[in-house]
Structures are given as C-alpha cells and as structure tokens.
**Student:** 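Encoded as structure tokens, here's the structure I'll be asking about.
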Amino acid sequence: MAPHKAPDSTRRSDRSRRAIHDAALALVGEVGYARTTIEGIAARAGVGKQTIYRWWPSKAAVLMDAFLETAARQAAEAAEAGGAETGGAYEIPDTGDLAADLKLVLRATVDELNDAATEAPMRALAAEGIVDPALGAQFVENLLEPQLQLYVTRLRAAQDAGQVRADIDPRVALELLIAPLTHRWLLRTLPLTHAYADAVVDHALGGLLPRAGA
C-alpha cells in the first residue's frame, strides 16, 4: 500500500486566498461595496468566515489584497509578453516618440478604468482610502506608486534625449497626464475615452516640450 500523503496546506491556503480574492472582486462588482459583506465573500468563496478574519481585518483589506494580487499578476504577464523588447521589465515603452508612447499607456489606462470587472472595486478602494488614511496610504504605496515611477522613468529618459525641458519635475509632469483621467473617471464629468486620453497628452506636452530658442 502506498504511504498516505499529507495534504499540502500551503497549496490549500493559496487556493483559498485566490477564491476569496475572486469572490470579493465579483461581489463588489455585482452588488456594490456597501452590500458586500465578509459573510457573503466567505459563502461565495466556499470558506468559513473565520478563515477570512484570520488573514484580513476587514472587507476593505480583502479588496485591497485582491487588487494588489491582480496588479502583480498583470504586471508579470505584461513583462512576459514584452520580455524580448524590455528585458522582462514592466515599463512604459520608449520608441523615441514620447507622444505616441504616452498615448499608448494612457489609452490602456482608460480601458482599465472603464473595465466593468474592476471599475466598482477600484471606486470602492478610492472612496475607502479617503476615510481610512491607513488604507489610503497602502493603496498609494503598493498600487499607485509603482505605476507612477514608470512615468518618472520614461519622462527622465525623454529629458535625457532632449525631448522634455530639463527644468521639468517629472513628478509634477506625470500628474498633468494622470490627474485629468482620474478626475473625469471619479466624478463622471464626461465620458472617459481614447480621444480624451490623446488630447490630455497633446495638451500636457505643450507645456513640457522644449521652447523654441531655449
């Protein structure tokens, strides 16, 4: 008789965590953040409520962890897909055409913000981060900051190539690109479209490009 093999608790925990993440994201999208509960997440994931509380203190923490895991997976997939050109790094492309590169990434941002599968959870986290400073700081540090650094890297490369004024602060410049999209998305002032993303790039570069005779 073959010896009995003990269950792999690590694999079981990974499966449970992934099921909980998926359940949290799905429920927020279906019923909204306010009506999503730990009990509902547990039932959807097929785990006990205490399993969730053993790993997370609140539904906001579950949602945050789910987003971080999803973002990490997407970054890994993007790096793998572009490995031949970027050396496996997840970065904003540098084709030598700054406007085209920025339009490409801002169009992808528009698609992400408009994605029905993630829009509700993202709005929930943004709102919770306002009333919960600790959650908001985690959202910025772990999710937003790595993405912002991609813009800093690309804009500094453009400065080195003489495509952007040397006196420009990349941290300020990137907000000229990202903030308009975030404002329109959060407040739903007008539709968030690729055409708008292109216009934001054109307007922002008007102030970033070297001045004639400078």
**Student:** Could you state the interatomic distance from CG (Leu155) to CG (Leu102), rounded to the nearest 0.5 Å?
**Tutor:** 6.0 Å
**Student:** Is it true that Asp167 and Arg165 have a side-chain N and a carboxylate O under 4.0 angstrom from each other?
**Tutor:**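 Yes, this pair counts.
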**Student:** Between Asp101 (side chain) and Thr95 (backbone), is there a donor-acceptor pair under 3.5 Å?
**Tutor:** yes
**Student:** Do Thr51 and Arg54 make a side-chain contact, defined as non-hydrogen atoms from C-beta onward lying under 4.5 Å apart?
**Tutor:**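 Yes; the side chains approach each other to less than 4.5 Å.
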**Student:** Between atom CG of Asp97 and atom NZ of Lys103, what is the distance when rounded to the nearest 0.5 Å?
**Tutor:**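 That separation rounds to 8.5 Å.
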**Student:** Run the numbers on Leu150 and Thr153 for side-chain contact (heavy atoms from CB on, under 4.5 Å), then give the verdict.
**Tutor:** CA-CA 5 Å; Leu150 301 179; Thr153 298; 5.8 Å; no
**Student:** So, for Gly129 and Leu135, which heavy atoms are closest and what is the spacing to 0.1 Å?
**Tutor:**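 That would be N-CD2, 4.2 Å.
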**Student:** Is it true that Asp160 and Arg156 make a salt bridge, defined as a side-chain N closer than 4.0 Å to a carboxylate O?
**Tutor:** no
**Student:** Please name the pair of heavy atoms, one in Tyr196 and one in Pro180, separated by the smallest distance, quoted to 0.1 Å.
**Tutor:**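 Scanning both residues completely, I find the closest heavy atoms to be OH-CB, 3.3 Å.
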**Student:** Identify the heavy atoms of Val62 and His21 that sit nearest to each other, and give their distance.
**Tutor:**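 Between these two residues, the closest heavy atoms are O-CD2, 4.2 Å.
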**Student:** Nearest 0.5 Å, what's the OG1-CG distance between Thr109 and Leu106?
**Tutor:**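 Thr109 atom OG1 to Leu106 atom CG measures 5.5 Å (nearest 0.5 Å).
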**Student:** Is there a path of hydrophobic side-chain contacts, each under 4.5 Å between heavy atoms of I/L/V/M/F/W/Y residues, joining Leu104 to Leu98?
**Tutor:** no
**Student:** Under a 3.5 Å threshold, yes or no: a donor from one side chain and an acceptor from the other, between Gln149 and Glu145?
**Tutor:**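 Per modelled atom types, Gln149 and Glu145 side chains form a pair under 3.5 Å.
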**Student:** Within the structure provided, determine whether Val152 and Arg171 are in side-chain contact (heavy-atom separation under 4.5 Å).
**Tutor:**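 Yes, side chains in contact.
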**Student:** Using modelled atom types and a 3.5 Å cut-off, is there a donor and acceptor pairing between side-chain atoms of Glu39 and backbone atoms of Lys49?
**Tutor:**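 No.
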**Student:** As an exercise, state the distance from NE2 of His194 to CG of Asp198, rounded to the nearest 0.5 Å.
**Tutor:**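 Interatomic distance, His194 NE2 to Asp198 CG, rounded to 0.5 Å: 8.5 Å.
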**Student:** Show, in sequence, the C-alpha distance, side-chain angles and deciding distance for Leu25 and Thr118, and conclude whether the side-chain contact (heavy atoms from CB on, under 4.5 Å) test is met.
**Tutor:** CA-CA 7 Å; Leu25 292 171; Thr118 58; over 6 Å; no
**Student:** Any side-chain heavy atom of Met122 within less than 4.5 Å of one from Leu113?
**Tutor:** yes
**Student:** Of the non-hydrogen atoms in Leu63 and Ala124, which two are nearest, and what is the gap between them?
**Tutor:** CD2-CB, 3.9 Å
**Student:** Side chains of Val105 and Leu177, heavy atoms from C-beta outward: is any pair under 4.5 Å?
**Tutor:** no
**Student:** Going through the distances and angles, do Ile178 and Gln147 end up as a side-chain contact (heavy atoms from CB on, under 4.5 Å)?
**Tutor:** CA-CA 11 Å; Ile178 296 174; Gln147 297 179 19; over 6 Å; no
**Student:** Do NZ/NE/NH1/NH2 and the carboxylate oxygens of Glu112 and Arg107 come within less than 4.0 Å?
**Tutor:**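 Result for this pair is no, no salt bridge flagged.
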**Student:** Under a 4.5 Å cut-off applied to non-hydrogen side-chain atoms, are Asp22 and Arg18 in contact?
**Tutor:** yes
**Student:** List the atom of Ala120, the atom of Gly29, and the distance in Å for their closest heavy-atom pair.
**Tutor:**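 Closest approach of Ala120 to Gly29: CB-CA, 3.9 Å.
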**Student:** Could you tell me whether Arg123 sits above the aromatic face of Tyr33, with NZ or CZ closer than 6.0 angstrom to the six-membered ring centre and within 45 degrees of the axis?
**Tutor:** no
**Student:** In terms of heavy-atom contacts, does NE2 of His183 have more than 12 from other residues, nucleotides or ligands at under 6.0 Å?
**Tutor:**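 Atom NE2 in His183 is not packed in, count stays at 12 or less.
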**Student:** Please answer: with hydrophobic residues joined when any side-chain heavy atoms are less than 4.5 Å apart, are Val140 and Leu181 in the same cluster?
**Tutor:**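 Same hydrophobic cluster.
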**Student:** Roughly how far apart are Leu174 CG and Leu148 CG, rounded to 0.5 Å?
**Tutor:**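 It is 5.5 Å, given to the nearest 0.5 Å.
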**Student:** Is Arg154 close to Glu91 at the side-chain level, that is, under 4.5 Å between some pair of heavy atoms?
**Tutor:** no
**Student:** Could you check whether any side-chain heavy atom of Arg35 comes within less than 4.5 Å of a side-chain heavy atom of Val28, counting everything from C-beta outward?
**Tutor:**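 Side-chain contact under 4.5 Å: no.
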**Student:** Supply the atom-to-atom distance Leu27 CG to Thr36 OG1, rounded to the nearest 0.5 angstrom.
**Tutor:** 5.0 Å
**Student:** Under a 4.5 Å cut-off applied to non-hydrogen side-chain atoms, are Gln163 and Leu208 in contact?
**Tutor:**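 Side-chain contact under 4.5 Å: no.
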**Student:** Ignoring hydrogens, what is the shortest heavy-atom contact between Asn114 and Glu119? Give both atom names and the distance.
**Tutor:**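 Looking at all heavy atoms of both residues, the closest pair is O-OE1, 4.5 Å.
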**Student:** Check the pair Glu128 / Phe139 against side-chain contact (heavy atoms from CB on, under 4.5 Å), numbers first and verdict last.
**Tutor:** CA-CA 10 Å; Glu128 282 296 302; Phe139 185 80; over 6 Å; no
